[in-house]
Amino acid sequence: AAALFAAKKAPVPGITGFRKGSKLMLMALFPKSVRLLFILLVMLLGDAASAWPWDFQARLDRAGIAYQVPQSGKAILVNIPAFELIAFQDGKPVLRSRVIVGAPWHRTPRLQTYVTTVRFRPTWRPTPSMIASGEYRDRVIPPGINNPLGLAAVRLGAGMLVYLHDTNRRELFANENRALSHGCVRVQRWDDLVAFVLDMDIARVHELANGRRTFDAPAPPIPVTLGYFTKFPDASGQIITYPDIYHLVAPSALSGKADN
């Protein structure tokens with residue numbers, strides 16, 4: 001026992017600066033090669049963890065894609081040609097969802113805006129342009145699964161009639177070409193988006209969305225970009241070229257830069 005006690009107190013040969021009683025004492029039980037590999041692994045993991053948030057932006061920069069990912073806080077990007085919504089937290093993509101965007105004759109606008117509220121169980125009334133087109137009559141659709149806005153809608157800058165919302169036609173997310181709406185953005189993972197915006201548990205989102213009340217939940221002013229990038233990284237980081245669905249980019253200049 002005395003010999004063991006002495007071994008615990010003695011400095012470990014071969015490790016410069018090793019102090020008595022250090023928590024690194026356990027490392028001395030492994031061969032030097034294993035210790036070195038362990039230290040190298042820790043260093044690599046640390047570097048990767050600190051550099052990862054910048055890697056997405058670096059990939060955009062290398063591809064000449066003119067989108068700046070906010071490196072702190074939350075942000076939302078809808079890439080219209082990709083039919084995709086990406087939510088960012090501190091520069092990292094944390095949510096990707098299929099979306100349905102405006103048809104070429106009812107384009108989703110390209111702009112910078114922000115979240116204002118989340119409306120649970122919204123009612124829906126056709127916009128004046130929808131009524132004028134003769135496609136819809138002026139009436140209010142009650143809340144529920146048959147409502148065109150679905151069970152929740154993320155509302156944007158004051159007065160905007162473009163929302164990020166659920167839909168009563170969820171089967172359309174299976175389509176490859178999803179330029180189908182009158183300008184609003186229908187989100188397949190609407191519940192995950194609402195949970196992200198409100199920092200709310202997904203179970204609570206479902207509870208409110210399937211409840212009886214129609215109400216607005218205040219939301220932080222998360223920046224939202226409705227952008228148009230014909231080149232953009234997919235979930236694996238590969239740069240994908242998307243069709244120029246609104247014919248906004250010259251054929252010789254399909255660079256992926258925003259046409260805003």
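In this chain, residues are counted from 1 in sequence order.
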Mind checking the [atom1]-[atom2] spacing from [X] to [Y]? Nearest 0.5 Å is all I need.
X: Phe232; Y: Ile86; atom1: CZ; atom2: CD1; result: 4.5 Å
X: Arg96; Y: Glu84; atom1: CZ; atom2: CD; result: 4.0 Å
X: Arg186; Y: Arg170; atom1: CZ; atom2: CZ; result: 12.5 Å
X: Asp166; Y: Arg121; atom1: CG; atom2: CZ; result: 11.0 Å
X: Leu208; Y: Thr214; atom1: CG; atom2: OG1; result: 11.5 Å
X: Thr230; Y: Leu248; atom1: OG1; atom2: CG; result: 9.5 Å

Problem - Output field: ring centroids Tyr163/Trp124 closer than 6.0 Å - result: no
Exercise for the section: Any chance you could lay out the side chain to side chain contact (heavy atoms under 4.5 Å, CB included) test for Val154 and Val194, step after step, and finish with the verdict? Expected result: CA-CA 7 Å; Val154 177; Val194 169; 4.3 Å; yes
Practice task
Could you list the residues that satisfy side-chain hydrogen bond (donor to acceptor under 3.5 Å, both in side chains) with Asn175, not counting sequence neighbours?
Solution key: none
Handout entry: Residue of the set Thr108, Val249, Val78, Val101 for which side chain to side chain contact (heavy atoms under 4.5 Å, CB included) holds with Tyr228
Key = Val249
[X] versus [Y]: any side-chain heavy-atom pair under 4.5 Å?
X: Lys74; Y: Val115; result: no
X: Asn79; Y: Pro81; result: yes
X: Ile141; Y: Pro148; result: yes
X: Arg119; Y: Leu149; result: no
X: Asp61; Y: Gln68; result: yes
X: Gln89; Y: Leu95; result: no
X: Ile145; Y: Asn168; result: no
X: Thr167; Y: Cys184; result: no

Handout entry: side-chain contact (heavy atoms from CB on, under 4.5 Å) involving Thr127 - partner list, sequence neighbours excluded
Key = Ser129, Met130, Leu161
Practice task
In plain terms, say whether Glu171 and Arg169 are close enough for a salt bridge, that is, a side-chain N and a carboxylate O under 4.0 Å apart.
Solution key: yes
Practice task
Would you please test Val197 and Ile222 for side chain to side chain contact (heavy atoms under 4.5 Å, CB included) and show each step?
Solution key: CA-CA 8 Å; Val197 167; Ile222 298 169; 4.2 Å; yes
Check for a donor-acceptor pair, side chain of [X] on one end and backbone N or O of [Y] on the other, with a separation under 3.5 Å.
X: Arg107; Y: Tyr246; result: yes
X: Ser133; Y: Glu135; result: yes
X: Asn147; Y: Pro142; result: yes

Exercise for the section: Give the intermediate values and the outcome of side chain to side chain contact (heavy atoms under 4.5 Å, CB included) for residues Leu193 and Gln188. Expected result: CA-CA 9 Å; Leu193 177 63; Gln188 184 176 37; over 6 Å; no
Exercise for the section: Following the transitive rule for hydrophobic clusters with a side-chain heavy-atom cut-off under 4.5 Å over Ile, Leu, Val, Met, Phe, Trp and Tyr, establish whether Leu164 and Leu172 coincide in one cluster. Expected result: no
Handout entry: CZ/Arg212: more than 12 non-hydrogen atoms of other groups inside 6.0 Å
Key = no
Problem - Other cluster members, Ile131 - Ile/Leu/Val/Met/Phe/Trp/Tyr, side-chain contacts below 4.5 Å - result: none
Practice task
Go through Ile80 and Tyr242 one step at a time and tell me if the side chain to side chain contact (heavy atoms under 4.5 Å, CB included) criterion holds.
Solution key: CA-CA 10 Å; Ile80 296 168; Tyr242 298 100; over 6 Å; no
Practice task
On the 0 to 90° scale, with breaks at 30° and 60°, tag the Phe88-Tyr67 ring pair as parallel, tilted or perpendicular.
Solution key: tilted
